[in-house]
Each structure stands twice: as C-alpha cells, then as structure tokens.
Trainee: 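First the structure, which I've put down as structure tokens, then a few questions once you've had a look.
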Amino acid sequence: MSDTLPERTLSGAAYSIAELLEGNDVVLMLDQLRLPNEERYIPLRTCQQMADAIRSMVVRGAPALGIAAAYGMVLAARTGMPLDQAAALLKATRPTAVHVASVVDQMGSIAAGLSGEQLVRRLAAWARQLHQQDVANNRRLGKFGAERLGSVRVVLTHCNAGALATGGYGSALGVIRAAREAGGEVRVLADETRPYLQGARLTAWELAKDGIPVEVITDNSAGWFFSRGEIDAVVVGADRIAANGDVANKIGTYSVACLARMHEVPFFVAAACDTIDMACASGEHVPIEQRAAREVTHIADCRMVPDGVQARYAGFDVTPARLVTAIFTERGVVEPVGPETIRRVVAAGPPPVAR
Ligand code: MRU
C-alpha cells in the first residue's frame, strides 16, 4: 500500500484534507499546521493517531473534523478497537463543532450487528459518502449564497471556512468560489485569525491557489476597513448553529458581526444543515472549547507575555441570531434568521444525493 494521494481525490481538487486509501487501513491527511510553507501528507493508521491529529489541529474546521472522525471510526474498526472506546476518544477531542459527536453517534448506529470485514467496509463506505456529500452540499449552498450576494465586490471573512475546513470547495469560501464561477469579480479580505492564523495561512493559501484575489488584514484592523466603506459583506462559516439561529464560530466572529451591524453591512453565515443542532436551544448551550494559554502567550516557541502573567483562550464565540442577516445552506437561504425559519429549512429535507 503506497502512501501517496490518490489521483482522484473525493473533493475533485488536487489537494485534500484527508483520503481513506483503498485498503481502508490508512488515512492520508494534509498537515494543515505546515501550510502554507509545505504541502505534506501524513499517514494515520489508528484511531488514536486520528484523535491526536484532530486535537493538535493537523486537521480543523467543523465539517472536516466530522469527516476526520468518520475516518477515525473506520481505522478503529480496522484495528479492532472497540467502537464505543473510539467514539469516546474522538468526542473528547474538540467539543464545539457539532460534527464530531453527530458523525460518531451515527456510525455507532450503523455498526450495530456488524463485525469484521463487513463492519469495516460498511463504515468506510459511509465515511466516503459523508465526505462526498459535504462537497456537494458546499457547491449547492455556494450557489445560493452567490445569488444572494449579487454584485458585492469585497467580502470579509474570518478564520478558514474553505476547502481546508470541509470535504472540499468550502462553505464561506464556497460562496466566493461560486460567485467567481458565475463571473463575479468578488475579492476577499481575510482576517489573519490569531493565534492559529487560519486566515493568513489557510484562507490565503487556498484562494491564491485558485487565483481568487485575497488580501490578509490583522484582526484588529477590520474596524478601520469597515469605517472606510471598504467591506460590502461578511461571509463566515459555523461550527454549530443553535435552533434559534445563534451561531458559534471561531473566536472573533462576534466582534466582526458587531462591526458589520454598526456599519450596516450584511453579515452572512454559510453552513450545511448538518451544522444546525436542533437539540441546542440557543448559543448559551454550545460547549465552547478552551484551549491552552500557551497558544496565546507564545508565538512559535517564543514567549510574548511576561513570565507569571496568565492568558485566556476561548476558541470560539457565539454571534446572536439578531446580528446574522442570512444563513446559506444547501436547502436554501434562511432569512430572516430565527427559530421558525431555521425549522423550515431543516424540515425541507436533504437535496438529491450526490452521485
Ligand atoms: O479552530 P478551527 O480552525 O477548527 O476553527 C474553524 C472555524 O471556526 C471555521 O470557521 C468553522 O469550523 C467553519 S468551517 C466550514
């Protein structure tokens, strides 16, 4: 079994967040910690290795985490790890994105009564289908989003909700891609997104690769660009959307939403319906990941904060529904955003299965 990326990735792009290789015993994962300087794939052979990759941000972005967790369950089945142990291990990695827990629970149900090679094959087929369906969902929601954006010229985005955060194509960046494919001239301002720099490293990398104009700005300069009228719309992704329309996303998203409201700029969220957690009544109930203070106090190995001074790092924040202009999903646009409109889009059911 070779450790090279298959010629045809499931996303259809030349790169991929992760590919489960033919024998269902190796996942090749793009190491996002090394981007943009190095495009390197690492082989993962156990569920423990997958959990470590998720926790350490080798892979990140809510839908990508779900897909990685699904592949982790396949590796567990392949290596004979009990699936309840694998599920608990994966669920403990990153709590804010709804995808990890929901995928792992669904796979637990699928596994019931199966064992051996049949179990591995069934889970692997499901995981690959999840991956492909996510790409199809992003393409659909991207079209809806691009139509709603109309002739908008400059979009601000925060973090990375692109091909690198999903099965491929991207949610927020899927909207940008769809707008460009439709002939629009939209360009992107990318918040750098301290401290992991998902905007500076990842959003800029994948947009530049596609020839889409992008400029990186520091997180603290967004207000300046809003005040100069240089931002026409905001489009971000989501880790979890509550039943009332509150949106949990990368820390800093709420500040951007407040600025957008202050400057009367539309604030859009792009996310497939599997990001909507109907069991979560409001943003108050979303578990917010607390990450190590070292990620704030240090840049690389260099301490930037005086010795003995503490730091706090909540990985995500919640933007209340009242600040969200619309949510682009693969089932249509939720606008205005509230419990009724959310319920309606979820009830619409999935679009035809991707082939
Ligand atoms: O900590 P990360 O990099 O996993 O956070 C990612 C984000 O916040 C994304 O905006 C979100 O997951 C949406 S991805 C389509």
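Both ligands and their constituent atoms are indexed starting at 1 by order of listing.
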Trainee: Apply side-chain contact (heavy atoms from CB on, under 4.5 Å) to D232 and V155, showing your working.
Mentor: CA-CA 6 Å; D232 300 322; V155 166; over 6 Å; no
Trainee: Under 30°, 30 to 60°, or over 60°: which ring-plane class applies to Y71 and H131, parallel, tilted or perpendicular?
Mentor: tilted
Trainee: Can you name the atoms of ligand 1, numbered from 1 with element, that are less than 4.0 Å from a heavy atom of R94?
Mentor: 1 (O), 2 (P), 4 (O)
Trainee: List every atom of ligand 1 that sits less than 4.0 Å from any heavy atom of A62, numbering the atoms from 1 in the order shown and giving each element.
Mentor: 12 (O), 14 (S)
Trainee: Do H263 and S227 meet the criterion of a side-chain donor-acceptor pair at a distance under 3.5 Å?
Mentor: no
Trainee: Look at atom CZ of R303 and say whether more than 12 heavy atoms of other residues, nucleotides or ligands are closer to it than 6.0 Å.
Mentor: yes
Trainee: Hey, which atoms in ligand 1 end up nearer than 4.0 Å to a heavy atom of D239?
Mentor: 7 (C), 8 (O), 9 (C), 11 (C), 12 (O)
Trainee: Could you verify whether a donor N or O on one side chain and an acceptor N or O on the other, from R194 and N220, lie under 3.5 Å apart?
Mentor: no
Trainee: Does ligand 1 have any atom sitting under 4.0 Å from a heavy atom of E289?
Mentor: no
Trainee: Please confirm whether N160 approaches ligand 1 to less than 4.0 Å, judged on its heavy atoms.
Mentor: yes
Trainee: Pairs of nitrogen or oxygen atoms closer than 3.5 Å, one from Q198 and one from ligand 1: do any exist?
Mentor: yes
Trainee: Does only the side chain of Y196 get under 4.0 Å from ligand 1, or the backbone, or both, or neither? Count heavy atoms.
Mentor: neither
Trainee: Quick check on contacts: which atoms of ligand 1 are under 4.0 angstrom from a heavy atom of T166?
Mentor: 15 (C)
Trainee: Which of the atoms of ligand 1 are close to K250, meaning less than 4.0 Å from one of its heavy atoms?
Mentor: 1 (O), 2 (P), 5 (O), 8 (O)
Trainee: Please could you name the atoms of ligand 1 that A161 approaches to less than 4.0 Å, counting only its heavy atoms?
Mentor: 14 (S), 15 (C)
Trainee: Checking the N or O distance criterion of under 3.5 Å, is ligand 1 in contact with P63?
Mentor: no
Trainee: Is it true that the side chains of S109 and Q106 contain a donor and an acceptor less than 3.5 Å apart?
Mentor: no
Trainee: Would you check if there is a donor-acceptor pair between the side chains of N160 and T203 at a distance under 3.5 Å?
Mentor: yes
Trainee: List every atom of ligand 1 that sits less than 4.0 Å from any heavy atom of F316, numbering the atoms from 1 in the order shown and giving each element.
Mentor: 1 (O), 5 (O), 8 (O)
Trainee: So T253 and F267, side-chain contact (heavy atoms from CB on, under 4.5 Å) or not? Walk me through it.
Mentor: CA-CA 10 Å; T253 303; F267 179 92; 3.7 Å; yes
Trainee: Regarding Q198 and R60, do their side chains bring together a donor and an acceptor under 3.5 Å, going by distance alone?
Mentor: no
Trainee: Counting each atom of ligand 1 from 1 as listed, which ones have a heavy atom of N249 under 4.0 Å away?
Mentor: 7 (C), 8 (O), 9 (C), 10 (O), 11 (C), 13 (C)
Trainee: Does the side-chain contact (heavy atoms from CB on, under 4.5 Å) test come out yes or no for R121 and W126, once each step is laid out?
Mentor: CA-CA 9 Å; R121 272 210 300 270; W126 193 89; over 6 Å; no
Trainee: Taking distance alone, with N or O pairs closer than 3.5 Å, would you say S171 contacts ligand 1?
Mentor: no
Trainee: If you have a sec, work out which protein heavy atom is nearest atom 14 (S) of ligand 1 and how many Å separate them, to one decimal?
Mentor: A165 CB, 3.5 Å
Trainee: May I ask you to check whether C159 has an N/O atom sitting below 3.5 Å from an N/O atom of ligand 1?
Mentor: no
